[in-house]
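Letters go in sequence order (proteins before strands), and every chain restarts at 1.
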Protein chains: 2
Amino acid sequence: MKTTRNTAAKTAVLEVFEKSKTALSHTEIQKQLNDICDRVTIYRILDRLMNDDIIHKISNLDGTVKYAKCNHSHQRVHIHNHAHFSCENCHEITCLENVKPSYIMPHNYKVKEINFTLSGLCPNCLNSNI
Amino acid sequence: MKTTRNTAAKTAVLEVFEKSKTALSHTEIQKQLNDICDRVTIYRILDRLMNDDIIHKISNLDGTVKYAKCNHSHQRVHIHNHAHFSCENCHEITCLENVKPSYIMPHNYKVKEINFTLSGLCPNCLNSNI
DNA sequence: AATCAACTGCAACAATGTTGCGTTAAATAT
DNA sequence: ATATTTAACGCAACATTGTTGCAGTTGATT
């Protein structure tokens, strides 16, 4: 079994996630890291963090991909089936940990994962628009 | 106001969508068209068809982007807020026109659009796996 | 301190999407 | 039927995002 190591770059990436309240794209992470490491390294760190269930991947409506820290506080078995909100004004993506959709599926489908993304205006932008 | 024209390439793309029961990626469309036009042209046709509400865009969990014909039969005002199913085995994406999730949002968010994608095994792959 | 393999940087590549520009052709008017 | 207008096209060039191979580095363990 492969062990994973705590390198300087990995720690820096984790700090960026810690500081951020919203989901981040690879490019955003790279900017915040001020080129302390190669962009390939960031991709590999993100892969490792996803394998270790420390972050999860979110693909937005427009095809952009972001990553956010997992919140393990609520449940023992960790599932990513929570909703995400994508603001059309500031383009920030936030996890809505407590929003879980209910739905009825047609027969003969086996659902393993769900991705529920809502878009519109976040509280910040909603207030400043009035 | 810009008028849109019925070109040979646009007609061909529409025929491809007509024949397909599932959502298609740009690459899949290009293959089915047998290089009757440039790939840039396909991008531009897809843009136009989306503007005209003839097709809609679906971004998958893994970041891949597909397009599917809109089904206007049910409602007068056309909304894309239906669910999509992405099969992890055959990678086909189908529209689940009748699956609409219910959910409860936190205050202060203004939801305008929703993207609800489920993944797992489609009926075809579920049967052939047994 | 020595060892081992996870990790990194670099280069090169692949896939996907965009833009500018000169040319072609669809729709309309003549 | 022909001329006109401009949407649409092909081509080239570029931007972004993500992947892979490999030699060198460094974190964790003995």
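- Nearest-nucleotide assignment on DNA chain C puts the 5′-proximal partner with K10(A), out of K10(A) and Y67(B).
- Under the 4.5 Å side-chain criterion, counting only non-hydrogen atoms from C-beta, T94(B) is in contact with T22(B).
- For the pair K66(A) NZ and dG18(D) C1', the interatomic distance rounds to 17 Å; values are reported in whole Å.
- The distance from atom SG of C122(A) to atom NE2 of H91(A), rounded to the nearest 0.5 Å, is 11.0 Å.
- One atom, CD of E28(B), and another, P of dG17(C), lie 12 Å apart when rounded to the nearest Å.
- Partner of H84(B) under the side chain to side chain donor-acceptor pair (under 3.5 Å) criterion, chosen from H56(B), K66(B), E97(B): H56(B).
- The aromatic rings of Y43(B) and H26(B) lie parallel to each other, their planes meeting at an angle below 30°, with 60° marking the opposite boundary.
- Atom OH in Y43(A) sits about 21 Å away from atom C1' in dA6(C), given to the nearest Å.
- Rounding to whole angstrom units, CZ of residue R44(A) and C1' of dG9(C) are separated by 8 Å.
- The distance between atom CD1 of I36(B) and atom C1' of dA8(D), rounded to the nearest whole Å, is 13 Å.
- Contact check, R48(B) against dC9(D): a side-chain N or O comes under 4.0 Å of OP1 or OP2.
- For dA7(D), the OP1/OP2 oxygens have no side-chain nitrogen or oxygen of T7(B) closer than 4.0 Å.
- Atom C1' of nucleotide dT16(C) and atom CG of D38(B) are separated by 14 Å, given to the nearest angstrom.
- The 5' end of DNA chain C is approached more closely, in terms of each residue's nearest nucleotide, by T4(A) than by the other of T4(A) and D47(B).
- For T3(B) and dT6(D), the shortest distance from a side-chain N or O to OP1 or OP2 is not below 4.0 Å.
- The interatomic distance linking H26(A) (NE2) with dT16(D) (P) rounds to 13 Å, in whole Å.
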